[in-house]
Amino acid sequence: MNAMSETHTDAETDGDAVATLRTPIVAVLGHVDHGKTTLLDRIRGSTVTEGEAGAITQHIGATAVPLETVSELAGSLVDPTDFDLPGLLFIDTPGHHSFSTLRSRGGALADIAVLVVDVNDGFQPQTIEAIDILQRTETPFVVAANKIDTVPGWNPQDDAPIQQSYDAQSDRARETLDERLYELIGELSEHDFSADMYWRVQNFANNVGVVPTSAETGEGVPDVLTVLMGLSQRYLKDAMAIDAEGPGAGTVLEVKEQKGFGTAIDVVLYDGTVRADDTVVVGATGDPIVTDVRALLQPRPLAEIRTEKRFEQVDAVSAAAGLKIAAPDLDDAMAGAPVRVVRDRSREEVVQEVQEELAAIGVTTEEEGVVVKADTLGSLEAVANALDEAEIPIVRAEVGDVAPRDVTVASTADEERHETVLAFSVDVLDNAERQADEGDIRIFESDVIYRLIEEYEEFIAERERSQQ
Ligand code: GDP
């Protein structure tokens with residue numbers, strides 16, 4: 001039986017709706033510098049030949065790794081006929097920050113995750129944050145115990161499964177790695193996860209598999225893909241059944257200019273289909289945007305990717321997939337917000353659904369307070385929570401760069417301490433900066449939440465001291 005073709009046959013029939021199995025969506029999490037980006041680059045690179053890898057830097061926010069590629073890479077580890085899921089879809093922006101931003105119907109967008117931990121560095125603050133999020137969202141994950149090539153005496157074995165490579169090492173190298181891996185396994189157990197080397201794990205529902213990897217040399221990367229495939233097949237298959245012909249549902253990853261098409265949104269589609277003649281509702285900083293699709297874009301076939309136009313216009317895209325949607329009026333679309341196709345329901349109904357989903361991501365604003373701008377909904381929520389804890393009220397909270405209108409809002413505050421804008425991981429537009437200078441409005445910028453709040457508090461404390 002051919003597993004690839006089976007994915008496109010009917011898994012079950014429910015009235016008119018035909019269920020298809022979609023690709024599981026994978027997120028990569030972990031502490032800064034532990035190797036998330038390098039691992040993703042490796043995986044992305046594995047879907048193209050070496051020289052071409054660089055050409056796809058202009059990606060669309062998600063990389064599909066078909067089952068065929070996984071099985072080619074994994075060799076004897078994977079028999080494609082064991083699988084009927086079509087492959088894996090990796091979200092290209094690493095980090096728990098993007099993970100918690102990306103929601104589908106109130107849950108996490110990602111179905112499964114890779115937690116990257118540098119074996120030399122062990123658990124670090126962001127590793128723990130990531131673990132907490134994975135635990136809270138009940139997301140299955142595999143640990144990539146990364147940078148094994150730095151273990152003294154490590155001798156890479158070309159293309160061998162990592163278990164074989166591990167067995168082939170000198171006693172000294174293996175003992176050093178073991179020491180570090182067991183430390184990691186100990187840390188995981190402190191967070192209530194029983195973990196073991198992945199080749200010893202029998203039941204991935206109760207145990208976390210640890211895969212020694214080197215994102216640098218590629219060792220262990222096919223093994224990570226294999227474990228993800230196996231985990232998905234065993235534990236996520238039912239959740240992957242979708243009505244592929246139904247109206248598309250997805251999440252905005254990024255809002256950006258697309259040459260020749262104006263403002264476009266990068267979207268991860270997790271359900272249904274978007275067609276080039278659809279009307280879509282997109283969550284925005286103001287009211288949801290209702291707009292007609294101008295073009296759907298996906299990366300060109302890899303063989304042609306070196307050409308000027310890296311994207312091709314397509315008529316329809318089915319879940320799960322990454323795509324660009326170009327349409328009029330997308331300027332205020334918000335990263336992290338829902339995207340819904342209007343097809344068999346009224347626009348009003350769909351708009352209401354999008355509004356409800358956005359409202360579930362709660363930022364409470366007051367009559368008076370500071371203006372907050374952040375790069376994504378998730379970060380906006382995180383900053384708002386931190387401000388709430390610090391008892392700093394918010395008058396306006398939005399995703400996007402600091403614009404003149406934000407400064408205008410700040411300048412209408414009655415209290416001096418509210419004449420401020422807190423900018424998290426966003427730019428300040430030149431004219432906004434000028435206006436702030438002229439009106440004596442303070443703009444605090446940082447991409448670390450606590451630092452942003454610290455700076456604000458120090459400034460307020462100093463101002464109060466100087467006024468006494
Ligand atoms: P991120 O912040 O988690 O995305 O980490 P990066 O992927 O940017 O990696 C941080 C640094 O570690 C870079 O200099 C990488 O080249 C290096 N690095 C990543 N993975 C490995 C690995 O497996 N082995 C070695 N030796 N270096 C690695």
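Both counts, for ligands and for their atoms, begin at 1 and track the order of listing. Computed over heavy atoms, backbone and side chain alike; hydrogens, waters and symmetry mates excluded.
Ranking the protein heavy atoms by distance from atom 5 (O) of ligand 1 puts G35 N, 3.1 Å first. Counting only heavy atoms of the protein, atom 4 (O) of ligand 1 lies nearest to T37 OG1, 2.5 Å. Taking atom 16 (O) of ligand 1 as the reference point, the nearest protein heavy-atom neighbour is E216 OE1, 3.2 Å. Regarding atom 24 (N) of ligand 1, its nearest protein heavy-atom neighbour is D149 OD1, 2.7 Å. Atom 15 (C) of ligand 1 has its closest protein heavy atom at T38 OG1, 3.6 Å.
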Checklist entry - Going through the distances and angles, do F459 and F444 end up as a ring pair (Phe, Tyr, Trp, His ring centres under 6.0 Å)? => result CA-CA 10 Å; F459 167 74; F444 297 93; 5.5 Å; yes

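Distances below 4.0 Å separate heavy atoms of A215 from the following atoms of ligand 1: 20 (N), 22 (C), 23 (O). Close approach of ligand 1 to V32 (heavy-atom distance below 4.0 Å) involves ligand atoms 2 (O). Close approach to H31 involves these atoms of ligand 1, each under 4.0 Å from a residue heavy atom: 3 (O).
Contacts between T150 and ligand 1 below 4.0 angstrom, taking non-hydrogen atoms only, involve the side chain exclusively. The proximity of H34 to ligand 1, defined as any non-hydrogen pair under 4.0 Å, is limited to the backbone. At a heavy-atom cutoff of 4.0 Å, ligand 1 is contacted by both the backbone and the side chain of D33.
Rounded to the nearest 0.5 angstrom, F424 CZ and I449 CD1 are separated by 4.5 Å. Here the straight-line distance linking atom CD of Q164 with atom CH2 of W199 works out to 11.0 Å at 0.5 Å rounding. Atom CG in L422 sits 9.5 Å away from atom CD in E455 (nearest 0.5 Å). A distance of 6.5 Å separates CG of L177 from CE of M197, quoted to the nearest 0.5 Å.
With atom 22 (C) of ligand 1 as the reference point, the heavy atom nearest to it among K147, K36, Q126, R42 is part of K147.
Applying the side-chain hydrogen bond (donor to acceptor under 3.5 Å, both in side chains) test to D332 and every residue at least two apart in sequence or in another chain returns nothing. For T37, the side-chain hydrogen bond (donor to acceptor under 3.5 Å, both in side chains) criterion is met by no residue, not counting sequence neighbours.
Just one residue in the list T226, V224, N207, I162 forms a side chain to side chain contact (heavy atoms under 4.5 Å, CB included) with Y198, and that residue is I162.
Within a 4.0 Å radius of atom 10 (C) of ligand 1, the protein has at least one heavy atom.
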